[in-house]
Amino acid sequence: MQVLTVLLASAGVCLGLLVAPAEGTDLAQPAAQPAAPRRQKRDWIWNQMHIDEEKNTSLPHYVGKIKSSVNRKNAKYLLRGESAGKVFRVNEDSGDVYAFERLDREKIPEYHLTALVVDKDTNNDLESPSSFTIKVHDVNDNWPVFTHRLFNASVPEMSAVGTSVIRVTAVDADDPTVADHASVMYQILKGEEYFAIDGSGLIFTTTKNLDRETKAKYEIVVEARDAQGLRGDSGTATVLVTLQDINDNFPIFTQTKYTFAVPEDIRVGSSLGSLFVEDPDEPQNRMTKYSIVQGEYRDTFTIETDPNHNEGIIKPMKPLDYEYIQQYIFTIEATDPTINLHHLSSASARKTARVIINVTDVDEPPSFQQPFYHFQLWENQKKPLIGSVRAKDPDAARRSIGYSIRTTSDKGQFFRITKQGDIYNEKELDREVYPWYNLTVEAKELDSSGYSTGKESIVQVHIEVMDENDNAPEFAQPYEPRVCENAAQGKLVVQISAIDKDITPRDVKFKFSLSTEDSNFTLTDNHDNTANITVKYGQFDRERAKVHYLPVLISDNGRPSLTGTSTLVVTVCKCNEHGEFTYCEEVAAQAGVSIQALVAIFLCILTITVITLLIFLRRRLRKQARAHGKSVPEIHEQLVTYDEEGGGEMDTTSYDVSVLNSVRQGGAKPPRPALEARPSVYAQVQKPPRHGAVHGGPGEMAAMIEVKKDEADHDGAGPPYDTLHIYGYEGSESIAESLSSLGTDSSDSDVDYDFLNDWGPRFKMLAELYRSDPQVELVY
């Protein structure tokens, strides 16, 4: 149908070319006979012209004639347009149009011009301008040209016959409306043994054995030819076809045997070696899976695939033991579960390999027989043996093991462990305080000298304290019951329940009772571990008792059964006629004292008692020593101290200083009024002689001191009560004689002590003692 349409169009164009010149000729000749007298319309008698492209004749080429109905001798024809005067020109007189250039339809298929007929003299239009078209008729003068000189295509390897690869396109510049001017024929010049092309330019495969691993790229040369071309020329293009990889090859081991040496202490899950394979496929299609196919160690080792390098990583799944197994031998296989068996190119015999793993010996720490230990111990018991832990040296040396409990253990100070690994408790345990104890036991490897080799391991020991019935029941909560003073008989006061600090079994039964029936309350056991306290007789007397203390006995059904006493404090309140409480006394809170507090108080009282007793004994011993006294010869060169604290230099009433002064002067001073009943001894005492001076006997001063001591000990009323008496008397037998200033006469000294009067009242007493006038007595 399409060919028929093209033929009809071409025929129409040819008829138009034939009719136009004929009409032009008839118009140029005058009519033989004039027409009937009628008015004719002036008009152009054509609208388009045709010319073949690429004419081989000499220029100019005749195109056609423009003719108007105006028939005047002074008329001339003109052309206007872009190509007027350049490509096309018209004869002014005849209207013949000529082309002065060879035309190419592929460049300009038609030209648009305007025809004018004007007066030669005035150049005025004799007719209205008329536009017309000059169409260039196509000639098959072009060969097909490909849209690209080089095409790139790809197709999966091992594709089926007829698989499309790419469609190439060649374009013919000739007029496609003219039959066979633009038709293209394709042909493969190179690569026809693997590929073919159809009339539309589609390239497809002609074989199913395109293997990328054998040849990855193919080059195809395609020719496009114009079947009806005048010169029979053609165009060519190159198509590069790349085969896309598919997973069609099994992995192949690079070795038939792999040998590894690993220490026995290698960590579980760590890599001990790698297995390598070769896979011709591209990396994205390498999905190697490694497995152990022969051997009894599938539960000992596993092989994982490294996705980045497609290699197998061997990892131990359990600890290795050189003393148990020194060598592992097994067979492995490499497969690819994603391979397409329909496209399998070849089967390989090297899909399996042998693996040998040699375990080397290392000095290992002790190993416990169990991963952890669980022991049970009844509370309140000091069991001889709680349990034992055992560890051994796994090496051939079989060194001895030492055990210890780490200090970081939970309450580890309550337990001890022997060198043999036996665990004991140091004290009785209370389940209600700590029901579980978690110990960390350390086992150290010891050398022949008993010193640690640095190899050690630990294990967790869990000690469960078992419960026994050692706690009496008690109130479940603190109760504060209140009752109206005018409560009726049987009035419910409070419902009580009990708890037990011990592990309470499901069948626990608590029994309630009152320790005394001498009260206005009745206890009724509900037999569901609760009890009701009700009014027994009726009204209460607030004047007699505003608070009632009701001891309640609570017993459990444990073995042995324990009974506890809890006191219920019931407050009697004033109530209104509706039974609502209007006034209740505040019950003083009963503070309980724990056993630890009582022990602390007892220790404090005992300490204070001991200190008081020691002070009392010390004072008693000192009194006895004073009562017995000492003999006169024992006083020689001794310091006698009295627990008497004087008042200082201004104290003139503590003792009679003038007595000492009288001793210096060799005279006596009348005694104080308080001591008139006793004879003064100071008047009889003389200071020892000094360089010819008169001195008393060697025992005179000692006798005087003893007398004064005796007076002080027996005189409870005479002041001072706390006075320190120090006598610096050396004695007559001393070579240095007396060092005391009491025997120094002022007349024997060259120093004038009158300047002491200028030192103020604090030195008044000292100034009078050393005054220059010996006859003046000190007045106190």
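Count residues from 1 along the sequence. Quantities reported herein were computed from a predicted structural model and do not represent experimental measurements. The basis for the numbers below is simple: all heavy atoms, side chains too, and nothing from hydrogens, waters or symmetry mates.
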Next item on the list: List the steps and the verdict of side chain to side chain contact (heavy atoms under 4.5 Å, CB included) for Y479 and L568.
Entry: CA-CA 7 Å; Y479 295 100; L568 197 63; 3.6 Å; yes
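- Residue pairs meeting the side-chain hydrogen bond (donor to acceptor under 3.5 Å, both in side chains) criterion with at least one partner in residues 365-379, sequence neighbours excluded, are H374-E464, Q376-E464.
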Next item on the list: Would you check, one step at a time, whether the test side chain to side chain contact (heavy atoms under 4.5 Å, CB included) holds for V483 with V570?
Entry: CA-CA 7 Å; V483 64; V570 184; 3.8 Å; yes
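- By the 4.5 Å heavy-atom criterion applied to side chains, F415 and L429 are counted as neighbours.
- Here OG1 of T288 is found 11.5 Å from CD of E333. Values are rounded to the nearest 0.5 Å.
- Shown here for F540 and A487, the closest heavy-atom pair between the two residues is CE1-CB, 4.5 Å.
- The closest side-chain heavy-atom distance from Q460 to T440 is below 4.5 Å.
- If you take CD1 on I401 and CD on Q420, they are separated by 12.5 Å, rounding to the nearest 0.5 Å.
- With 3.5 Å as the limit, one finds no donor-acceptor pair spanning the side chains of D447 and T453.
- Defined by atom type and a distance below 3.5 Å, a donor-acceptor pair is present between the side-chain atoms of N469 and D556.
- Geometric assessment of R390 against the ring of F368 yields a negative cation-pi assignment under the 6.0 Å and 45° thresholds.
- Side chain of T607 to backbone of L603: a donor-acceptor contact under 3.5 angstrom is found.
- Looking only at side-chain heavy atoms (C-beta outward), V552 and L514 come within less than 4.5 Å of each other.
- Of the charged side-chain nitrogens involved, at least one lies within less than 4.0 Å of a carboxylate oxygen, so that E426 and R416 count as a salt-bridged pair.
- A distance of 6.0 Å or more separates the ring centres of Y437 and H462.
- Scanning all heavy atoms of the two residues, the minimum distance from Y328 to T300 falls at CE2-CG2, 4.1 Å.
- Atom CZ of R618 sits in a sparse spot, with 12 or fewer heavy atoms from other residues, nucleotides or ligands closer than 6.0 Å.
- Rounding to the nearest 0.5 angstrom, the gap separating the OG1 atom in T408 from the CZ atom in R406 is 6.0 Å.
- A donor atom on one side chain and an acceptor atom on the other are found under 3.5 Å apart for N471 and E432.
- Annotation for K491: atom NZ does not count as buried by contact number, only 12 or fewer foreign heavy atoms lying within 6.0 Å.
- Here the SG-CZ distance, from C584 to R482, works out to 4.5 Å after rounding to the nearest 0.5 Å.
- Judged by distance alone, with hydrogens and angles left aside, the side-chain atoms of T360 form a donor-acceptor pair with the main-chain N or O of V262 at under 3.5 Å.
- Q495 pairs with exactly one of N526, I533, T534 by the side-chain contact (heavy atoms from CB on, under 4.5 Å) rule, that one being N526.
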Checklist line | Residue pair T582, N576: steps toward the side-chain hydrogen bond (donor to acceptor under 3.5 Å, both in side chains) verdict | finding: CA-CA 7 Å; T582 58; N576 55 21; over 6 Å; no
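- Within a 6.0 Å sphere centred on CZ of F581, heavy atoms belonging to other residues, nucleotides or ligands number more than 12.
- With respect to K708 and E706, no salt bridge is recorded, no charged nitrogen being found less than 4.0 Å from a carboxylate O.
- Of the possible polar contacts, none joining the S409 side chain to the I405 backbone as a donor-acceptor pair under 3.5 Å is found.
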Next item on the list: Output, in order, the C-alpha distance, side-chain angles, deciding distance and verdict of side chain to side chain contact (heavy atoms under 4.5 Å, CB included) for V535 and V493.
Entry: CA-CA 7 Å; V535 179; V493 178; 4.0 Å; yes
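- In summary, D393 and R398 do not engage in a salt bridge, as defined by a charged side-chain N under 4.0 Å from a carboxylate O.
- With hydrogens and angles ignored, the 3.5 Å screen pairs no side-chain donor or acceptor of N532 with any backbone N or O of T524.
- Pairs of residues two or more places apart, or lying in two chains, that qualify as salt bridge (Lys or Arg N to Asp or Glu O under 4.0 Å) and include a residue from residues 546-555 are K546-E585.
- Although no hydrogens or angles enter the test, the distance criterion places a donor-acceptor pair under 3.5 Å between the side chain of N520 and the main chain of G538.
- Side-chain atoms of T571 and E480, non-hydrogen and from C-beta on, never get closer than 4.5 Å to each other.
- Atom CD1 of I496 is separated from atom CZ of F512 by 5.5 Å, given to the nearest 0.5 angstrom.
- Just one of E445, E364, E456 meets the salt bridge (Lys or Arg N to Asp or Glu O under 4.0 Å) condition when paired with R399; it is E445.
- The shortest distance between side-chain heavy atoms of R542 and K574 falls below 4.5 Å.
- Of the listed residues (S497, S566, S513), just one forms a side-chain contact (heavy atoms from CB on, under 4.5 Å) with I554, and that residue is S566.
- Between V569 and Y549 there is a side-chain heavy-atom pair separated by less than 4.5 Å.
- When side chains are defined from C-beta on, D541 does not count as touching Q539, because their heavy atoms never get closer than 4.5 Å.
- On the SG-SG cut-off of under 2.5 Å, C573 and C484 do not qualify.
- K315 and E304 are joined by a salt bridge, as a carboxylate oxygen and a charged side-chain nitrogen come within less than 4.0 angstrom of each other.
- Although no hydrogens or angles enter the test, the distance criterion places a donor-acceptor pair under 3.5 Å between the side chain of R298 and the main chain of V293.
- Judged by distance alone, the side chain of D395 and the main-chain N or O of D363 form no donor-acceptor pair under 3.5 Å.
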Notebook entry, point to check: side chain to side chain contact (heavy atoms under 4.5 Å, CB included) between V572 and V547: does it pass, once the steps are laid out?
Noted result: CA-CA 6 Å; V572 180; V547 177; over 6 Å; no
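- In this structure, the side chain of S452 engages the main chain of G454 through a donor-acceptor pair within 3.5 Å.
- Residues E264 and V359 have side chains in contact (heavy-atom distance under 4.5 Å, counting atoms from C-beta outward).
- I357 contributes atom CD1, which lies 5.0 Å from atom CG of L272 (distance to the nearest 0.5 angstrom).
- The cationic atom of K536 (NZ for Lys, CZ for Arg) does not lie both less than 6.0 Å from the six-membered ring centre of F521 and within 45° of the ring axis.
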Next item on the list: Please test T530 against D528 for side-chain hydrogen bond (donor to acceptor under 3.5 Å, both in side chains), starting from the C-alpha separation and ending with a verdict.
Entry: CA-CA 5 Å; T530 63; D528 60 352; 2.4 Å; yes
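- When all heavy atoms of A391 and P366 are compared, the pair lying nearest together is CB-CB, 4.3 Å.
- Heavy-atom contacts from other residues, nucleotides or ligands closer than 6.0 Å to CD of E485 number more than 12.
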